[in-house]
Number of protein chains: 2
Amino acid sequence: MQDSEHIIICENPSINDVIAKLNEAFNERRTTIIVGSCRVDYHGRASSKLEYGERIVIIKEDGSVLVHRSKGYEPVNWQPSGCVLQALKDNDELIIKATKRNPSETVTIFFDRVYLLSIFKLIDEGKFSLYASEEDMQRAILIEPTLIEEGFKPIDYERKVEPGFIDIYGVDKNGRMVVVEIKRRTANKEAVLQLAKYVEYLRKDLSREVRGILAAPDISREANHLLLSLKLEFRRVDPKKCFKILKKNRVRKITDFFK
Amino acid sequence: MQDSEHIIICENPSINDVIAKLNEAFNERRTTIIVGSCRVDYHGRASSKLEYGERIVIIKEDGSVLVHRSKGYEPVNWQPSGCVLQALKDNDELIIKATKRNPSETVTIFFDRVYLLSIFKLIDEGKFSLYASEEDMQRAILIEPTLIEEGFKPIDYERKVEPGFIDIYGVDKNGRMVVVEIKRRTANKEAVLQLAKYVEYLRKDLSREVRGILAAPDISREANHLLLSLKLEFRRVDPKKCFKILKKNRVRKITDFFK
DNA sequence: GCCTAGGTCCCGTAC
DNA sequence: GTACGGGGCCTAGGC
């Protein structure tokens, strides 16, 4: 729980005050929220310029930086975790520099007004669990291979071959090799091409027949056309149904399967 | 600028207080920041569960919702813009529901403690511009010379001549010499004079016709006047397009490998 | 370090 | 509306 000493909330703080508190926050790896009027420069893989306006800036304890406008999911400027932070004063403005290597990038935020500065030591050990992801579908198919077809026997998953990673491969009831590409959304042309890439490679490499099956909740018309012309197959698989299968088999872990 | 009436900052507010203020904020499309201890459920394309922990929640005026942990660029849970918001009380907890159609999704946030509630009417008309660097533009033109004109063939770049470095020079489809000066922002008179300097030098040095082309996203009126009087040319080149050409080229090289 | 691939991707754009 | 591609994508995992 937050002690009062772990919380700083300042309304309309002076620039000098903000700078002092920020540098302390950076040192002690606190999470910081700044609301105020600012402009932002970015230089790195591209360059950008954002003119003055009122925004929310979040600086996290791992050094990630987010500049949020009043609309939209995405930050207008940002820096991923691991950047070096610096707060300084120039021309009566608060300047926050966030610098990163690899790729070498800099975000510089110029505040001419700060309405709110707040600094926290956030304690967050809560576990995050995601269900009905592609990984869930993969695990469900390994547990219940009839989701693909009767007689399908998986041999391995996430297998690295020359062009990339094969989601699942195995053999069908007639002993033919089967490559399965899984998508958790409506499969598009790209997904078909991905599958085709693996099938093509394995056909050449093994000099034997290889079936390619795209497993997804749906497939777009164009993707289906492409799929058929490439003599690949589609199998409708529902991510939620996969999740239900996993719930039934909760104890078994993915790695147990092949032991 | 923020009037005091446009700003609400409450430290350790009561749940009832938060609910009242939130519903008003939702109605009046304010931007809201809540810091406190919460858990989060998500149901939609997938499902997720996040256990209790201290987090930052941002609710924007367009109905987008972000739940941020103390680390990382990405929100742990979110809702893109256009969702319906609701704040209510249950079991002494503050519940915020954000519901969206197409796809049908719900994020529910349960707060058992609120440390900070702040509500703003953010005024932000600042223009955002994304640029490629001048070097990026140069590389894009070398890869795709038709950005200058049909039939242009670059010969060299960053070539040192008496007055300085020529960005790119080459020949046009008629075999005439072409000097290209690149600017990543609206070109001004200085840019025109820089180009004129190179062209002048080469005309004298080589005793042959030399075309001068200024490549930039835009040109100022005065600079254009000067350009025309000096019988130089302007070619509009979009930095974003350059950036895309570079990206595509990078991808193409990788995918070529598998063809 | 590079490369591969997924994402509740989001977002714009073309059809 | 659906489909497709791009992103400063970010992030995780393998080599």
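Since this is a predicted model, take the numbers as computed values, not measurements. Proteins come first, then strands; the chains are lettered A, B, ... in the order of their sequence lines, and each starts at number 1.
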- prompt: Just checking Glu181(A): base, sugar-phosphate only, or nothing, at a heavy-atom cut-off of under 4.0 Å?
  reply: sugar-phosphate
- request: Mind checking Val76(B) for me? I need base, sugar-phosphate or nothing, with any heavy atom below 4.0 Å counting as a touch.
  value: base
Return the polar atom pairs (N/O with N/O) between nucleotides 13-15 of chain D and the protein under 3.5 Å, or none.
none

- request: Only pairs at least two apart or in different chains count here, so list each side-chain hydrogen bond (donor to acceptor under 3.5 Å, both in side chains) that has a residue in residues 231-246 of chain A.
  value: Arg211(A)-Glu233(A), Asp218(A)-Arg236(A)
What pairs with [X] under side-chain hydrogen bond (donor to acceptor under 3.5 Å, both in side chains), at least two apart in sequence or on another chain?
X	answer
Asn23(B)	none
Gln86(B)	none
Glu150(B)	none
Thr108(B)	none

If you restrict it to nitrogen or oxygen atoms, what contacts under 3.5 Å exist between nucleotides 2-4 of chain D and the protein, and what is each distance?
residue: dC4(D); atom: OP2; partner: Ser220(A); partner atom: OG; Å: 3.2

With sequence neighbours excluded, residues passing ring pair (Phe, Tyr, Trp, His ring centres under 6.0 Å) with [X]:
X	answer
Phe152(B)	none
Tyr52(A)	none
Tyr201(A)	none

message: Taking only the C1' atom of each, what is the distance from dG6(C) to dC10(C) in whole angstrom?
response: 14 Å
- prompt: So which nucleotide does dG8(D) pair with, by the Watson-Crick or G-U wobble rule with both distances under 3.5 Å?
  reply: none
message: Check this one for me: any side-chain N or O of Gln194(A) less than 4.0 Å away from OP1 or OP2 of dG6(C)?
response: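 Looking at the OP1 and OP2 atoms of dG6(C), one of them is under 4.0 Å from a side-chain N or O of Gln194(A).
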Show each protein N/O and nucleotides 9-11 of chain C N/O combination with a separation under 3.5 Å, one pair to a line.
residue: dC9(C); atom: OP1; partner: Arg185(A); partner atom: NH1; Å: 3.2
residue: dC9(C); atom: OP1; partner: Arg45(B); partner atom: NH1; Å: 3.1
residue: dC9(C); atom: OP2; partner: Arg184(A); partner atom: NH1; Å: 2.4
residue: dC10(C); atom: OP1; partner: Arg45(B); partner atom: NH2; Å: 3.0
residue: dC10(C); atom: OP1; partner: Trp78(B); partner atom: NE1; Å: 3.0
residue: dC10(C); atom: OP2; partner: Arg45(B); partner atom: NH1; Å: 2.9
residue: dC11(C); atom: OP1; partner: Tyr73(A); partner atom: N; Å: 3.4

- request: Only counting residues at least two apart or in another chain, list the ones meeting side-chain contact (heavy atoms from CB on, under 4.5 Å) with Gln194(A).
  value: Glu181(A), Lys183(A), Tyr198(A)
